[in-house]
Peer 1: 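One structure follows; several queries about it will come next.
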Amino acid sequence: MKKSCSIKGERYEQIKEIVADMYEDLGYTEIPVNVFELCHKLNIKLIRYSSLSEDCSEYSRQFSDDGFNLFNMNTFQYQIYYNDDMPSERVTFTIMHEIAHIMLEHKEHTEENEQEANFFAKTALVPLGLIVKFKLKNSFDIAEKFGISIEFAQNVVSHFNKSMIYPSICEKELNSRLVELFLKNHKEAS
């Protein structure tokens with residue numbers, strides 16, 4: 001029987017800090033997040049499956065239907081390969097998921113690493129405290145504000161509802177460094 005793993009509470013906080021550090025170091029807090037611009041700032045090369053030869057594109061789709069990352073030893077640069085036939089919201093999540101693997105320095109494919117990358121992507125694309133700060137009422141508002149799919153927004157709402165019933169977690173999310181970074185930029189743009 002396969003054991004399911006879950007990220008420990010301390011690791012959640014570490015990942016949130018890594019996300020905040022990334023945005024702060026880059027001076028980037030645009031909403032919705034433009035993952036293409038983010039990759040440019042991180043010096044990560046993006047490669048569309050459709051730009052590959054037919055054989056390479058087919059092999060890439062067999063390796064991962066969504067995307068994957070590699071480190072190019074010739075250029076000393078990370079590359080993210082992604083399926084550009086997917087809806088744009090899915091491409092956004094895929095690219096952020098791959099950025100997560102790079103930022104979290106994952107070296108192998110494990111269930112735990114996948115969970116961490118998904119949490120990183122969710123946190124980086126939709127900081128929970130901003131849902132309250134922007135007074136977003138439902139998954140449609142969240143999807144529109146953050147440029148994500150309705151399905152992903154529904155997942156965020158579920159996570160939000162589970163998290164916000166605990167006063168200590170609610171307080172932490174509302175006053176996180178990540179939320180402060182985004183709000184500062186949002187106020188300056190207004």
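This one's a predicted model, so the numbers in the text were calculated from it and none came from an experiment.
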Peer 1: Would you say Val132 and Val156 are hydrophobically clustered, going by side-chain heavy atoms of ILVMFWY under 4.5 Å?
Peer 2: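 Yes.
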Peer 1: Between the side chains of Asn118 and Glu114, does any donor sit under 3.5 Å from an acceptor?
Peer 2: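 Side chains of Asn118 and Glu114: no pair found under 3.5 Å.
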Peer 1: What pair of heavy atoms forms the shortest contact from Leu104 to Ala117, and how long is it?
Peer 2: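 Nearest heavy atoms, Leu104 then Ala117: CD1-N, 4.3 Å.
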Peer 1: Got more than 12 heavy atoms from elsewhere within 6.0 Å of CD, Glu17?
Peer 2: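 Atom CD in Glu17 is crowded, with more than 12 foreign heavy atoms closer than 6.0 Å.
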Peer 1: How long is the gap from CG on Leu52 to CZ on Arg61, to the nearest 0.5 Å?
Peer 2: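 Rounded to the nearest 0.5 Å, the CG-CZ separation comes out at 9.0 Å.
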Peer 1: Has Ser163 got a side-chain atom pairing as donor or acceptor with Phe160's backbone, closer than 3.5 angstrom?
Peer 2: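 Side chain of Ser163 to backbone of Phe160, a donor-acceptor pair under 3.5 Å: no, none is there.
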Peer 1: Taking C-beta and beyond as the side chain, do Phe119 and Thr123 meet within less than 4.5 Å on heavy atoms?
Peer 2: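 With C-beta onward as the side chain, the pair touches.
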Peer 1: If you draw a 6.0 Å radius around CD in Gln77, do more than 12 non-hydrogen atoms from other residues or ligands fall strictly inside?
Peer 2: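 It does: Gln77 CD has more than 12 such atoms within range.
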Peer 1: Please step through salt bridge (Lys or Arg N to Asp or Glu O under 4.0 Å) for the pair Glu180 and Arg177, ending with a clear verdict.
Peer 2: CA-CA 5 Å; Glu180 288 175 16; Arg177 186 164 59 104; over 6 Å; no
Peer 1: What I want to check is whether the side chains of Asn113 and Lys107 have a donor and an acceptor closer together than 3.5 Å.
Peer 2: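 Not at all, the side chains of Asn113 and Lys107 share no donor-acceptor pair under 3.5 Å.
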Peer 1: Would you please test Thr110 and Gln115 for side chain to side chain contact (heavy atoms under 4.5 Å, CB included) and show each step?
Peer 2: CA-CA 9 Å; Thr110 66; Gln115 287 182 5; over 6 Å; no
Peer 1: Taking all non-hydrogen atoms of both residues into account, name the closest pair between Leu174 and Gly129 and its distance.
Peer 2: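 Of all heavy-atom pairs spanning Leu174 and Gly129, the closest is CD2-O, 3.7 Å.
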Peer 1: Heavy atoms only: give me the nearest Ser60-Tyr49 pair and the separation to one decimal.
Peer 2: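 For Ser60 and Tyr49, the tightest heavy-atom pair comes out as O-OH, 3.4 Å.
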Peer 1: With rounding to the nearest 0.5 angstrom, report the CG to CD1 distance, Leu125 to Ile142.
Peer 2: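 Leu125 CG to Ile142 CD1: 13.0 Å, rounded to 0.5 Å.
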Peer 1: Do Phe93 and Phe152 have ring centroids that are under 6.0 Å from one another?
Peer 2: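 Distance test on ring centres: under 6.0 Å, yes.
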Peer 1: Between Tyr23 and Phe182 (side chain of the first, backbone of the second, donor and acceptor by atom type, cut-off under 3.5 Å), is there such a pair?
Peer 2: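 Such a contact is absent between Tyr23 side chain and Phe182 backbone.
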Peer 1: List the atom of Phe120, the atom of Met96, and the distance in Å for their closest heavy-atom pair.
Peer 2: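 So the minimum-distance heavy-atom pair works out to CE2-SD, 4.0 Å.
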Peer 1: Taking side chain as C-beta onward, heavy atoms only, is Lys45 less than 4.5 Å from Thr75?
Peer 2: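 A side-chain contact under 4.5 Å is absent here.
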Peer 1: Can you confirm whether more than 12 heavy atoms, excluding those of Arg11, are under 6.0 Å from its CZ atom?
Peer 2: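 Yes, CZ of Arg11 has more than 12 neighbouring heavy atoms, counting only those of other groups under 6.0 Å.
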Peer 1: Return the OH to CD distance between Tyr12 and Glu116, rounded to the nearest 0.5 Å.
Peer 2: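 Output value for this atom pair is 9.5 Å.
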Peer 1: OG of Ser50 to CG of Asp85: how many Å apart, nearest 0.5 Å?
Peer 2: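 So the gap between those two atoms works out to 6.5 Å.
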Peer 1: Mind running side chain to side chain contact (heavy atoms under 4.5 Å, CB included) on Leu70 and Ile80 for me, showing each step along the way?
Peer 2: CA-CA 7 Å; Leu70 296 172; Ile80 294 176; over 6 Å; no
Peer 1: Applying a strict under-4.5 Å side-chain criterion to I, L, V, M, F, W and Y, I'd like to know whether Val157 and Phe140 cluster together.
Peer 2: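 Per the 4.5 Å side-chain linkage, Val157 and Phe140 are not co-clustered.
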Peer 1: Does Lys145 make a cation-pi contact with Phe134, if we ask for NZ or CZ under 6.0 Å from the ring centre and within 45° of the axis?
Peer 2: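 Yes, a cation-pi geometry.
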Peer 1: Decide whether Tyr81 and Gln79 meet the rule of one side-chain donor and one side-chain acceptor closer than 3.5 Å.
Peer 2: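 Yes, a side-chain donor-acceptor pair sits under 3.5 Å.
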Peer 1: State, to 0.1 Å, how close Val91 and Asp84 come at their nearest heavy-atom pair, and which atoms those are.
Peer 2: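 Distance-wise, the nearest heavy atoms are CG2-CA, 4.4 Å.
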Peer 1: Before we go on, tell me: are the rings of Phe68 and Tyr82 under 6.0 Å apart, centre to centre?
Peer 2: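 Between Tyr82 and Phe68, which both carry aromatic rings, the centre distance is not below 6.0 Å.
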Peer 1: Please indicate whether Phe63 has more than 12 foreign heavy atoms, meaning atoms of other residues, nucleotides or ligands, lying under 6.0 Å from its CZ.
Peer 2: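 For Phe63, atom CZ is not crowded (no more than 12 foreign heavy atoms under 6.0 Å).
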Peer 1: Taking Leu178 as the fixed residue, which of Val19, Asp21, Leu183 is the one that meets the side-chain contact (heavy atoms from CB on, under 4.5 Å) rule?
Peer 2: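 Only one of Val19, Asp21, Leu183 forms a side-chain contact (heavy atoms from CB on, under 4.5 Å) with Leu178, namely Val19.
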Peer 1: Please confirm whether the backbone N or O of Asp65 pairs with a side-chain atom of Asn83, one donor and one acceptor, at under 3.5 Å?
Peer 2: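 The answer is yes, because a donor-acceptor pair under 3.5 Å joins these two groups.
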Peer 1: Where do Thr92 and Val33 land on the side chain to side chain contact (heavy atoms under 4.5 Å, CB included) test, with the steps shown first?
Peer 2: CA-CA 9 Å; Thr92 294; Val33 173; 5.9 Å; no
Peer 1: Treat each ILVMFWY residue as a node, draw an edge where side-chain heavy atoms are under 4.5 Å apart, and state whether Ile31 and Leu38 are in one component.
Peer 2: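 Yes: a chain of side-chain contacts under 4.5 Å links Ile31 to Leu38.
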Peer 1: Salt bridge (Lys or Arg N to Asp or Glu O under 4.0 Å) for Lys16 and Glu173? Distances and angles first, verdict last.
Peer 2: CA-CA 10 Å; Lys16 289 178 193 176; Glu173 292 295 340; 2.4 Å; yes
Peer 1: Apply side chain to side chain contact (heavy atoms under 4.5 Å, CB included) to residues Ile44 and Ile95 and explain how you reach the verdict.
Peer 2: CA-CA 10 Å; Ile44 297 171; Ile95 291 172; over 6 Å; no
Peer 1: Would you give the length of the straight line joining atom CD1 of Ile131 to atom NE2 of His159, rounded to the nearest 0.5 angstrom?
Peer 2: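 It comes to 9.0 Å.
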Peer 1: Measure across Ser139 and Ile150 and return the closest heavy-atom pair with its distance rounded to 0.1 Å.
Peer 2: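 Reported closest heavy-atom pair: O-CD1, 4.1 Å.
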Peer 1: Short question: side chain of Ser57, backbone of Ser53 - any donor-acceptor pair under 3.5 Å?
Peer 2: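 Judged by distance alone, no pair lies under 3.5 Å.
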